[in-house]
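Here it is, the structure in full.
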Amino acid sequence: MSLEADVADLWNRYQDGLTAADATDADAAVVDEFLAALEAGEVRAAEKTGDDVTSWEANEWVKRGILLNFGLRETAPREYGGVTYHDVLPLRDTDDLAERGTRNTPDGTVIRRGAYLGSDCIMMSPSFVNMGAYVGDGTLVDSCDTVGSCAQLGENVKLGANTLIGGVLEPVEDAPVVIEDGVSLGAGCRVTSGFRVGENSIVGENTLLTPRIPVYDLVEEEVVYGHLPAERRAFTRMVESSVGDHDLFEGGAYKPAVVATHVEEETLEATRREDALRE
């Protein structure tokens, strides 16, 4: 049987009442093999099925495999940095990172099992990459960044300091956050709830990207939700709220929106990758 078929069979038994206490060594081998495949980048929680950023779809069986690693394992005491913590999984073994030119700085870079990091990546401390996340080649995860469960980051992505990339494990069918190749997110950005950022876009500091906030795309002159098209410069602006004329709001009420326009050359220069950091 294939790994996908093994996970599907195990999921069906789990839905029928299989518990961590009942799981056999063969069951444990399946979830271990699945974690290894995630860490090797052989399977991913979502895949792009077309040319546009809106074409990403969740791999339901992969997310089920991740959930099985919670449901069929017992919480146990573990050690990290001289501190005992309790979790169902140990942290990821990082011995394979050096051979790919990827590095993580000490005292606070945490990579959970089931996360993939490509070649020439940089993780600055403190930062955290959760289970099922995919971090492409050449990507920078800066200080105080979180890459949530199943998030998909492309190649040469730059996450500014204190950036949050949201995770998703439930419901199983929902697509995770996607940040495509060449994207630069300014410090303090938040990308949540399955929002997708198109390749080579540049997002200003402290911008919130979530499906509930409209994106005013001035390039195509349309309003979109849930994604930022490729090659856009995006930033937050306040627009008038539907309750703007309510008596309780003296001077009007406003709500956040995202404005997207062309990427200018000077903006590209300001966010250009520094290859010397990866030599």
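Along the sequence shown, residues carry numbers from 1. Hydrogens, waters and symmetry mates play no part in the numbers below; they use all other heavy atoms, side chains included.
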- Message: I need the Asp145 CG to Thr109 OG1 distance, nearest 0.5 Å.
- Response: 12.0 Å
- How close do Glu39 and Gly114 get, heavy atom to heavy atom, and via which atoms? OE2-N, 2.9 Å
- Query: Mind checking whether Val224 and Leu208 sit in one hydrophobic cluster, side chains of I, L, V, M, F, W, Y counted as touching below 4.5 Å?
  - Reply: yes
- So do the side chains of Lys63 and Val168 get within less than 4.5 Å of each other, counting heavy atoms only? yes
- Has the side chain of Arg112 got a donor or acceptor atom that lies under 3.5 Å from a matching backbone atom of Met131? no
- Task: Consider only side-chain N and O atoms of Thr19 and Asp22, and report whether a donor and an acceptor are under 3.5 Å apart.
- Result: yes
- Note on the structure: Output for pair (Thr207 OG1, Ile202 CD1), nearest 0.5 Å, gives 12.0 Å
- For Asp93, does the CG atom have more than 12 heavy-atom neighbours from other residues, nucleotides or ligands under 6.0 Å away? yes
- Message: One pair to check against side chain to side chain contact (heavy atoms under 4.5 Å, CB included): Leu72 and Leu10. What are the steps and the verdict?
- Response: CA-CA 10 Å; Leu72 298 182; Leu10 195 55; 3.8 Å; yes
- Message: Would the distance check show the side chain of Lys48 and the main-chain N or O of Asp51 forming a donor-acceptor pair, the cut-off being under 3.5 Å?
- Response: yes
- Heavy-atom pair with the smallest gap, counting every atom of Gly148 and Ala133: O-CB, 3.6 Å
- Item | Asp181 side, atom CG; Asp137 side, atom CG - distance, nearest 0.5 Å | 9.5 Å
- Item | hydrophobic_cluster_shared for Leu35 and Val62, side chain cutoff 4.5 Å | yes
- Would you please test Asp87 and Arg73 for salt bridge (charged side-chain N to carboxylate O under 4.0 Å, His left out) and show each step? CA-CA 9 Å; Asp87 200 357; Arg73 295 181 186 271; over 6 Å; no
- Determine whether His262 and Val219 make a side-chain contact, defined as any pair of heavy atoms from C-beta on separated by less than 4.5 Å. yes
- Task: To the nearest 0.5 angstrom, please state how far the CD atom of Gln152 sits from the CZ atom of Arg196.
- Result: 12.5 Å
- Task: Could you tell me whether a side-chain N or O of Thr105 sits under 3.5 Å from a main-chain N or O of Ser125, the two making a donor and an acceptor?
- Result: yes
- Task: May I ask whether Val191 and Leu153 are part of the same hydrophobic cluster, defined by side-chain heavy atoms of I, L, V, M, F, W, Y residues being less than 4.5 angstrom apart, directly or through others?
- Result: yes
- Evaluate the side-chain hydrogen bond (donor to acceptor under 3.5 Å, both in side chains) criterion for residues Arg212 and Thr210: first the C-alpha distance (whole Å), next the side-chain angles of each, then the deciding distance (0.1 Å), finally the verdict. CA-CA 5 Å; Arg212 295 173 296 280; Thr210 185; 3.2 Å; yes
- Considering all heavy atoms of both residues, which atom of Glu74 and which atom of Arg78 are nearest to each other, and what is their separation? O-NH2, 4.3 Å
- Plane angle bin for Tyr80 and Tyr85 - parallel if under 30°, tilted between 30 and 60°, otherwise perpendicular: perpendicular
- Tell me whether Phe195 is reachable from Leu185 by hopping between hydrophobic residues (I, L, V, M, F, W, Y) whose side-chain heavy atoms are closer than 4.5 Å. yes
- Give a yes or no answer on whether the side chain of Arg232 reaches the backbone of Val203 with a donor-acceptor pair at less than 3.5 Å. no
- Task: For Trp61 and Leu3, run side chain to side chain contact (heavy atoms under 4.5 Å, CB included): C-alpha distance rounded to whole Å, both residues' side-chain angles, the deciding distance at 0.1 Å, then the answer.
- Result: CA-CA 10 Å; Trp61 79 270; Leu3 178 59; 4.3 Å; yes
- Any side-chain heavy-atom pair of Val53 and Glu199 under 4.5 Å: no
- Task: Quick one: pull up CZ in Arg100 and CG in Leu117 and give me the separation to the nearest 0.5 Å.
- Result: 7.0 Å
- Message: Could you go through Ser149 and Ile66, starting from their C-alpha distance and side-chain angles, then the distance that decides it, and tell me whether this counts as side chain to side chain contact (heavy atoms under 4.5 Å, CB included)?
- Response: CA-CA 9 Å; Ser149 58; Ile66 292 172; over 6 Å; no
- Looking only at heavy atoms, which two atoms of Tyr216 and Ala257 are closest? And how far apart? CE1-CB, 3.5 Å
- Taking Ser143 for the side chain and Pro126 for the main chain, is one N or O donor matched with an acceptor at less than 3.5 Å? no
- Side-chain donor or acceptor of Asp217 paired with backbone N/O of Val223 under 3.5 Å: no
- Item | Any donor-acceptor N/O pair, Asn59 side chain to Arg44 backbone, under 3.5 Å | yes
- Can you tell if the side chain of Phe34 reaches within under 4.5 Å of the side chain of Leu68, non-hydrogen atoms only? no
- Query: Do the side chains of Leu228 and Val183 get nearer than 4.5 Å, heavy atoms only?
  - Reply: no
- Note on the structure: One should read off an interatomic distance between Asn104 CG and Ser127 OG, to the nearest 0.5 angstrom, of 8.0 Å
- For Asp120, does its backbone N or O pair with a side-chain atom of Thr102 as donor and acceptor, under 3.5 Å? yes
- Query: Within the distance-only criterion (no hydrogens, no angle test), does the side chain of Thr139 pair as donor or acceptor with the backbone N or O of Val157 below 3.5 angstrom?
  - Reply: yes
- Pick from Val141, Leu91, Asn130, Thr94: which one makes a side chain to side chain contact (heavy atoms under 4.5 Å, CB included) with Ile111? Thr94
- Item | Test item: Val197 and Glu180 side chains (from C-beta on) under 4.5 Å apart, heavy atoms | no
- Message: Any heavy-atom pair between the side chains of Arg92 and Leu97 that's under 4.5 Å?
- Response: yes
- If every non-hydrogen atom of Cys189 is compared with every non-hydrogen atom of Gly204, which pair is closest and at what distance? SG-O, 3.1 Å
- Leu67 side chain near Trp11 side chain, heavy-atom distance below 4.5 Å: yes
- Any idea which heavy atoms bring Ala230 and Ser201 closest together, and the distance? C-OG, 3.7 Å
- Item | Given Val135, Val129, Leu159, the one that forms side chain to side chain contact (heavy atoms under 4.5 Å, CB included) with Ile165 | Leu159
- Inspect the surroundings of CD in Glu222 and state if more than 12 heavy atoms from other residues, nucleotides or ligands are less than 6.0 Å away. yes
- Message: If you count every heavy atom of other residues, nucleotides or ligands that lies below 6.0 Å from Asp107 atom CG, does the total exceed 12?
- Response: no
- Query: When you measure from the side chain of Asp27 to the backbone N and O of Thr24, does any donor-acceptor pair fall under 3.5 Å?
  - Reply: yes
- Linking I/L/V/M/F/W/Y whenever their side-chain heavy atoms sit closer than 4.5 Å, directly or via other members, would Phe70 and Leu18 fall into one cluster? yes
